[in-house]
Participant: 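The structure that follows is given in the form of structure tokens.
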Amino acid sequence: SGVKRMDLDALRRELAVWGYGLRSTMLFDDAIAFQMTLLLEHCLSNGVRIVLAELKQQFQAFHRSLGDQQHLTWPFEVVERWAAHAAPGMPIVFLGGHRAVKDFVGRHPELRCCVVSDCRKRGDYSYGKKVELDEFALVNAIYRTKRLQLTRLRAFMERHDAHVTAVLNYDPNIAVREDEWSYFAAHEEKQE
């Protein structure tokens, strides 16, 4: 049939790499275990359901084991150090307002942060608006998998490129700007 199938061990490995945050900018918390619950509810394969249930328990145990130090493992914690080096004293504009970004902004009231989001459900659709800052550091916090997302990014950069002093990109699949810093460069994920 030409469809490449994955055995259960390969499925377990792939989900573990994703779930433990080794190839993701997703905040490691119960959200991943919750997504496993949703997958379990709709899965028709008993073997896959067993893998999902086991991983859900492992992810929840891992999350609990981090305790008060959990925030130190979140990928957006590097933003503070990056900005201090690449754009000292500049406000930070995040493209993408998912929960991990909102949590970071909430934990760092000492930083001047602005979140530009395309989430219409939360009523904070702001990609088409101009950021009213003369200069700022930009953090692209979204994996852009859809053409519309890429179009929004390009339009944002066309409007604001002259105001952007530095870019930190969390999307391993695209370049926001030629002189960007890539969160994944050390992991060589841009070449995967």
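As a basis for the values below, the full set of heavy atoms in this structure was taken, side chains included, without hydrogen atoms, waters or symmetry mates.
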Participant: Arg154: which residues meet the salt bridge (Lys or Arg N to Asp or Glu O under 4.0 Å) condition with it, sequence neighbours left out?
Facilitator: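 Testing Arg154 for salt bridge (Lys or Arg N to Asp or Glu O under 4.0 Å), a comparison that skips the adjacent residues, returns none.
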Participant: What residues form a salt bridge (Lys or Arg N to Asp or Glu O under 4.0 Å) with Asp7, not counting sequence neighbours?
Facilitator: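 Salt bridge (Lys or Arg N to Asp or Glu O under 4.0 Å) check on Asp7 returns nothing, list empty.
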Participant: For Ser45, what residues pass the side-chain contact (heavy atoms from CB on, under 4.5 Å) criterion, not counting sequence neighbours?
Facilitator: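 By the side-chain contact (heavy atoms from CB on, under 4.5 Å) rule, Ser45 matches Cys43, Val48.
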Participant: How long is the span from the CG atom in Leu8 to the CZ atom in Arg13, to the nearest 0.5 Å?
Facilitator: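 It comes to 11.0 Å.
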Participant: Does His163 reach the main-chain N or O of Asp134 with its side chain, forming a donor-acceptor pair under 3.5 Å?
Facilitator: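 At least one qualifying donor-acceptor pair exists.
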Participant: Any idea how His160 and Phe136 line up, ring-wise: parallel (<30°), tilted (30 to 60°), or perpendicular (>60°)?
Facilitator: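 Correct class here is perpendicular.
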Participant: Check step by step if side chain to side chain contact (heavy atoms under 4.5 Å, CB included) holds for Met157 and Leu138.
Facilitator: CA-CA 10 Å; Met157 289 307 291; Leu138 181 70; 3.4 Å; yes
Participant: What's the verdict on side chain to side chain contact (heavy atoms under 4.5 Å, CB included) for Cys113 and Phe94, showing C-alpha distance, side-chain angles and the deciding distance?
Facilitator: CA-CA 7 Å; Cys113 295; Phe94 283 88; 4.0 Å; yes
Participant: Checking Asp103 against Val101 for the side chain to side chain contact (heavy atoms under 4.5 Å, CB included) test, could you report, in this order, the C-alpha distance in whole Å, the side-chain angles of both residues, the deciding distance, and whether it holds?
Facilitator: CA-CA 5 Å; Asp103 287 350; Val101 170; over 6 Å; no
Participant: Does a donor on one side chain and an acceptor on the other come within less than 3.5 Å for Asp171 and Asn169?
Facilitator: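 No.
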Participant: Sequence neighbours left out, what passes side-chain hydrogen bond (donor to acceptor under 3.5 Å, both in side chains) with Arg49? Give chain and number order.
Facilitator: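 In terms of side-chain hydrogen bond (donor to acceptor under 3.5 Å, both in side chains), with neighbours along the sequence ignored, Arg49 is linked to Asn46.
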Participant: With sequence neighbours left out, what residues match His108 under ring pair (Phe, Tyr, Trp, His ring centres under 6.0 Å)?
Facilitator: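 By the ring pair (Phe, Tyr, Trp, His ring centres under 6.0 Å) rule, His108 matches Phe104.
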Participant: For the residue pair Lys102 and Val105, establish whether any side-chain heavy-atom pair is separated by less than 4.5 Å.
Facilitator: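 Side-chain contact under 4.5 Å: no.
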Participant: Using the test side-chain contact (heavy atoms from CB on, under 4.5 Å), find all partners of Ala86 that sit at least two apart in sequence or belong to another chain.
Facilitator: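 Result, side-chain contact (heavy atoms from CB on, under 4.5 Å) vs Ala86: Trp82, Ala166, Trp181.
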Participant: Give the cluster check for Phe156 versus Val167: same hydrophobic cluster or not, with ILVMFWY residues linked at side-chain heavy-atom distances below 4.5 Å.
Facilitator: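 Yes; tracing contacts between hydrophobic side chains, which count when under 4.5 Å, links both residues.
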Participant: Over all heavy atoms of both residues, which pair between Glu135 and Pro91 is shortest? Give the atoms and the distance, please.
Facilitator: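 Result for this residue pair: O-CD, 3.5 Å.
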Participant: Taking only residues two or more places apart in sequence or in another chain, which ones pass side-chain hydrogen bond (donor to acceptor under 3.5 Å, both in side chains) with Asp179?
Facilitator: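 With neighbours one apart ignored, the set is Arg177.
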Participant: Of all heavy-atom pairs between Ala87 and Thr165, which one has the smallest distance, and what is that distance?
Facilitator: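 So the two residues come closest at CB-OG1, 3.6 Å.
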Participant: Side-chain heavy atoms nearer than 4.5 Å, only ILVMFWY residues, links allowed to pass through others: does that put Leu11 and Ile50 together?
Facilitator: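 Different clusters.
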Participant: What are the two closest non-hydrogen atoms of Val115 and Gly96, and how far apart are they?
Facilitator: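 Looking at all heavy atoms of both residues, the shortest contact is CG1-O, 3.9 Å.
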Participant: Does any non-hydrogen side-chain atom of Val176 lie less than 4.5 Å from one of Leu153?
Facilitator: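 Leu153 reaches Val176 side chain to side chain.
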Participant: Between Ile92 and Ala83, what is the shortest heavy-atom contact and its length?
Facilitator: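 Taking every non-hydrogen atom into account, CD1-CB, 3.7 Å.
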Participant: List the steps, then state whether side chain to side chain contact (heavy atoms under 4.5 Å, CB included) holds for Val79 with Tyr170.
Facilitator: CA-CA 10 Å; Val79 169; Tyr170 278 83; 3.6 Å; yes
Participant: Excluding sequence neighbours, so at least two apart, what forms side-chain hydrogen bond (donor to acceptor under 3.5 Å, both in side chains) with Glu54?
Facilitator: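 If we apply the side-chain hydrogen bond (donor to acceptor under 3.5 Å, both in side chains) test to Glu54, skipping adjacent residues, the hits are Arg12.
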Participant: If I compare all heavy atoms of Ile174 with all of Glu180, which pair ends up nearest, and what's the gap?
Facilitator: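 Answer, listing the atom of Ile174 first, then Glu180: O-OE2, 3.9 Å.
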Participant: Calculate, to the nearest 0.5 Å, the distance between atoms CG and CD1 belonging to Leu95 and Ile142 respectively.
Facilitator: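 Reported to 0.5 Å precision, the distance equals 6.5 Å.
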